[in-house]
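One structure below.
One is the number of the first residue; the rest follow in order along the sequence.
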Amino acid sequence: MRVLVALIAFVAVAVLNLLWWWWPNRPVEIAGWTSAPLQSVSFAPYRPGQSPLTRTFPTPDQIEEDLRRLQGKVRAVRTYSSGENLETVPQRAGKYGLKVWHGAWLNDNDKENLEQINLLIDHANKYKDTVERVIVGNEVLLRKELTANQLRRYIRQVKQRVSQPVTYADVWEFWMRNPSLADEVDFITIHILPYWEDVPIGLDRREPDGTPSIEKHIVDIYKKVQERFPGKTIVIGETGWPSDGRMRSDARPGRVEQVRYFSTFRSIADREKFDYNVVEAFDQYWKARQEGTVGAAWGLLDAQRHDKFELGKPVSAEPHWRILFILSTLAGGLMLGGFVVMRRGARGKAIGIFAVFAQLVATCYVQATWIDLSRTFYFEKMVGVVFWAVLLGLFSYALLRGIADSLTGKMADPSLYGARVREAWRAWRELPRYQILRRADLMLQVLYLVLTVICIFYLIVISIDWYDGVIRISDTFYRQIAIDGRYRDFPIWSFVIPSIVLMAWKTLTIVRREPVSRADRWTKALSFGRLLGYDGSKGFVRMDRSYSRIRPILPEIALSFLLVFWAVIMVVTEGAIKLHDGGAGGFVAVDGGRWVIGTLFWNTQADWFSALAILMAVPYLATIYVSLREPLAEPPPDSYTSKW
């Protein structure tokens with residue numbers, strides 16, 4: 001009978017698990033998405049392990065293989081450098097029917113710039129049939145590495161020695177700030193990236209007349225630049241959407257969203273007769289060091305050269321969902337099987353409850369680990385993936401072990417440990433280490449404290465707009481630190497188990513009958529000492545008497561305050577936008593922009609992470625409440641106070 005109940009429970013939760021993985025990842029038809037090739041795509045052929053930062057470059061054969069992968073998908077490719085073996089692009093692109101917008105990478109090093117300029121001129125003259133446009137520098141004004149006058153000299157050098165039309169590429173605002181450069185180029189190349197705008201624009205936002213805001217933004221910017229430079233051809237040199245990473249305002253990265261943007265933009269381009277280049281051909285792992293996950297996820301193809309989607313075909317948000325479903329279902333089934341075999345006293349109700357929580361933990365664990373793994377771009381982050389896999393694994397074990405003990409009446413006597421952080425920490429330190437796996441209650445408490453500190457760390461780092469510092473390693477070596485919350489992912493799934501799943505179990509245990517008043521029932525069940533909830537045994541979690549109401553709960557006060565305070569700060573900072581042109585009101589930033597709270601609660605990822613943080617503060621807040629209601633210890637008689 002128990003086996004039959006377990007089998008029915010397993011099938012039921014497996015069906016729910018299938019629905020969880022299938023529904024958000026089912027193929028989506030995108031309106032207007034056709035199989036027609038795109039006009040041009042940014043071409044940086046770096047593969048995993050290669051990077052301009054480490055001076056490891058792709059070989060000519062690898063570059064040709066990448067050109068072959070783009071055949072039929074685009075009509076042209078745009079390069080950003082003339083060195084690094086990229087002569088192969090104009091040399092071999094013609095074999096695959098591709099034209100080239102060839103570029104030179106400029107920075108603040110005059111020697112390197114001259115090398116790039118000379119190579120660009122040489123390639124443009126040697127491969128005239130392939131190179132149809134020449135681009136002298138990319139966003140060098142945005143990076144403040146050259147002045148407009150310095151850039152002007154480089155443009156003139158190239159223009160005098162090539163026959164192709166010459167341009168410079170930058171974000172559209174920097175053309176508006178440096179209008180004199182328009183006289184030096186044959187056409188103006190602007191970048192329009194709604195995700196990276198000072199005021200990010202989501203794909204679902206609409207104007208009062210129903211027009212998509214992102215469509216209005218693109219057309220308005222194009223016409224604004226066109227009006228500022230009459231008689232000049234305007235080319236959109238970069239536009240696109242990331243397929244992974246963190247939200248900015250209501251701009252959500254994703255595979256489906258990426259295809260929606262391409263479809264929307266191409267419809268606009270066809271209607272308005274735009275000349276354009278999209279970002280980019282392949283995901284670039286090396287960009288994650290500077291821009292986080294989102295910086296490495298702008299490609300039409302992933303870093304392994306697999307299609308993220310096919311032109312004109314439906315697209316799935318997570319193409320690997322079937323494997324993830326199988327892994328999470330098997331993990332949940334194995335844990336349920338272990339519970340049935342090892343807890344022979346478990347009845348049907350206990351088996352059903354454990355099946356639900358085992359599957360919840362398994363699904364959340366697989367989801368969290370997969371997100372960490374799929375966003376791993378360099379070795380140091382792999383260490384973080386292993387760390388989180390072990391930490392969440394131990395926490396999940398302690399939680400499910402405690403649930404199993406509670407369902408079968410084998411919980412530790414609550415009088416053996418304290419309800420407050422200090423008492424729990426003291427009990428854990430005094431516990432013989434070989435017994436740690438047996439005491440799921442204390443193990444869960446210590447791991448919960450660790451996760452709380454890490455959660456606070458993430459809240460602070462993501463909320464910080466910019467921090468720049470230098471660590472001195474030796475007399476000759478310095479290491480620069482840069483923390484920018486715009487590039488940090490919200491680690492939502494890493495904290496779902498210690499917040500939502502744990503709180504679901506704690507709430508479920510409240511419905512049990514306990515010989516306590518209803519007023520105390522909720523707070524005691526939600527307290528830190530009862531992370532595993534009521535267990536049906538006699539007595540309650542011990543609170544040692546104290547002469548002070550505040551001192552015993554200082555850790556709870558500090559942790560709960562930091563969780564709630566920084567959760568609120570993060571929501572506010574994610575709702576803030578920095579206006580540089582025409583902004584009024586708000587707080588003035590160091591760079592002259594003005595911070596305005598204009599998109600509060602639009603970033604649902606920030607909202608979710610803040611909610612998880614506040615949920616993790618509940619056990620500490622409940623403990624504070626219960627502790628304050630406890631009577632104080634009586635002071636000793638005067639004869640013991642040394643008052644003689």
### Results of ring-ring contact (aromatic ring centres under 6.0 Å, His included) for Y365 - residues two or more places apart only
none

### Query
Distance from I497 atom CD1 to C364 atom SG, nearest 0.5 Å?
5.5 Å

### Any donor-acceptor pair under 3.5 Å from S560 side chain to A617 backbone
no

### Query
Can you tell me how far CG of L451 sits from OH of Y448, rounded to the nearest 0.5 angstrom?
8.5 Å

### Query
Would F357 and W505 count as a close aromatic pair, with their ring centres under 6.0 Å?
yes

### Query
Can you tell me how far CD1 of I557 sits from OG1 of T623, rounded to the nearest 0.5 angstrom?
11.0 Å

### Query
What's the spacing between S499 OG and I492 CD1 if we round to 0.5 Å?
10.5 Å

### Message
Test of understanding: with side-chain hydrogen bond (donor to acceptor under 3.5 Å, both in side chains), list the residues that count as partners of R143, not counting sequence neighbours.
### Response
E145

### Message
A quick test of your reading: do over 12 heavy atoms of other residues, nucleotides or ligands sit less than 6.0 Å from CH2 of W196?
### Response
yes

### Message
Once side-chain hydrogen bond (donor to acceptor under 3.5 Å, both in side chains) is applied, do any residues pair with D607, and if so which ones, sequence neighbours excluded?
### Response
none

### Query
With sequence neighbours excluded, what pairs up with Y195 under the side-chain hydrogen bond (donor to acceptor under 3.5 Å, both in side chains) test?
none

### Any residue meeting side-chain contact (heavy atoms from CB on, under 4.5 Å) with S243, in chain and number order, not counting sequence neighbours
R255, Q258, A297, K308

### Query
Have T452 and Y620 got a donor and an acceptor in their side chains that come within less than 3.5 Å?
yes

### Which residues share a side-chain contact (heavy atoms from CB on, under 4.5 Å) with T408, sequence neighbours left out
F339, R343, A346, K410

### Message
Taking R551's backbone N and O only, do any of them form a donor-acceptor pair with R422's side chain (distance below 3.5 Å, no angle check)?
### Response
yes

### Summary
Residues passing the side-chain contact (heavy atoms from CB on, under 4.5 Å) test with I323, sequence neighbours excluded, are L327

### Query
Does the side chain of E197 reach to within under 4.5 Å of the side chain of E173, using non-hydrogen atoms?
yes

### Message
Show, in sequence, the C-alpha distance, side-chain angles and deciding distance for F528 and L559, and conclude whether the side chain to side chain contact (heavy atoms under 4.5 Å, CB included) test is met.
### Response
CA-CA 12 Å; F528 178 79; L559 293 172; over 6 Å; no

### Message
Suppose we screen for side-chain hydrogen bond (donor to acceptor under 3.5 Å, both in side chains). Which residues come up paired with T507, at least two apart in sequence or across chains?
### Response
none

#### Entry: T369 (side chain) donor-acceptor with V366 (main chain) under 3.5 angstrom
no

### Task
Look only at the side chain of Q359 and the backbone of V13, and say whether a donor-acceptor pair between them is shorter than 3.5 Å.
no

### Message
Suppose we screen for ring-ring contact (aromatic ring centres under 6.0 Å, His included). Which residues come up paired with W20, at least two apart in sequence or across chains?
### Response
W493

### Query
Has the side chain of S627 got a donor or acceptor atom that lies under 3.5 Å from a matching backbone atom of I624?
no

### Message
W241 vs Y261, test: ring-ring contact (aromatic ring centres under 6.0 Å, His included). Steps then yes/no.
### Response
CA-CA 6 Å; W241 199 265; Y261 180 81; 5.5 Å; yes

### Query
Looking only at atom types and distance, does a side-chain atom of E556 sit under 3.5 Å from a main-chain N or O of V421, one as donor and one as acceptor?
yes

### Message
Is the ring pair F561/F565 parallel, tilted or perpendicular, if the boundaries are 30 and 60 degrees?
### Response
parallel

### With W370 via ring-ring contact (aromatic ring centres under 6.0 Å, His included) - residues at least two apart
H320

### Message
Holding to salt bridge (Lys or Arg N to Asp or Glu O under 4.0 Å), I want the full list of residues that pass it with E574, two or more places apart in sequence or in another chain.
### Response
R246

### Query
Taking only residues two or more places apart in sequence, or in another chain, which ones meet P552 in a side-chain contact (heavy atoms from CB on, under 4.5 Å)?
R420, S546, S548

### Message
With rounding to the nearest 0.5 angstrom, report the CG to OG1 distance, N17 to T329.
### Response
4.0 Å

### Query
Hey, does the side chain of Q284 reach the backbone of G295 with a donor-acceptor pair shorter than 3.5 angstrom?
no

### Query
How many angstroms lie between atom OG of S527 and atom OH of Y625, to the nearest 0.5 angstrom?
12.5 Å

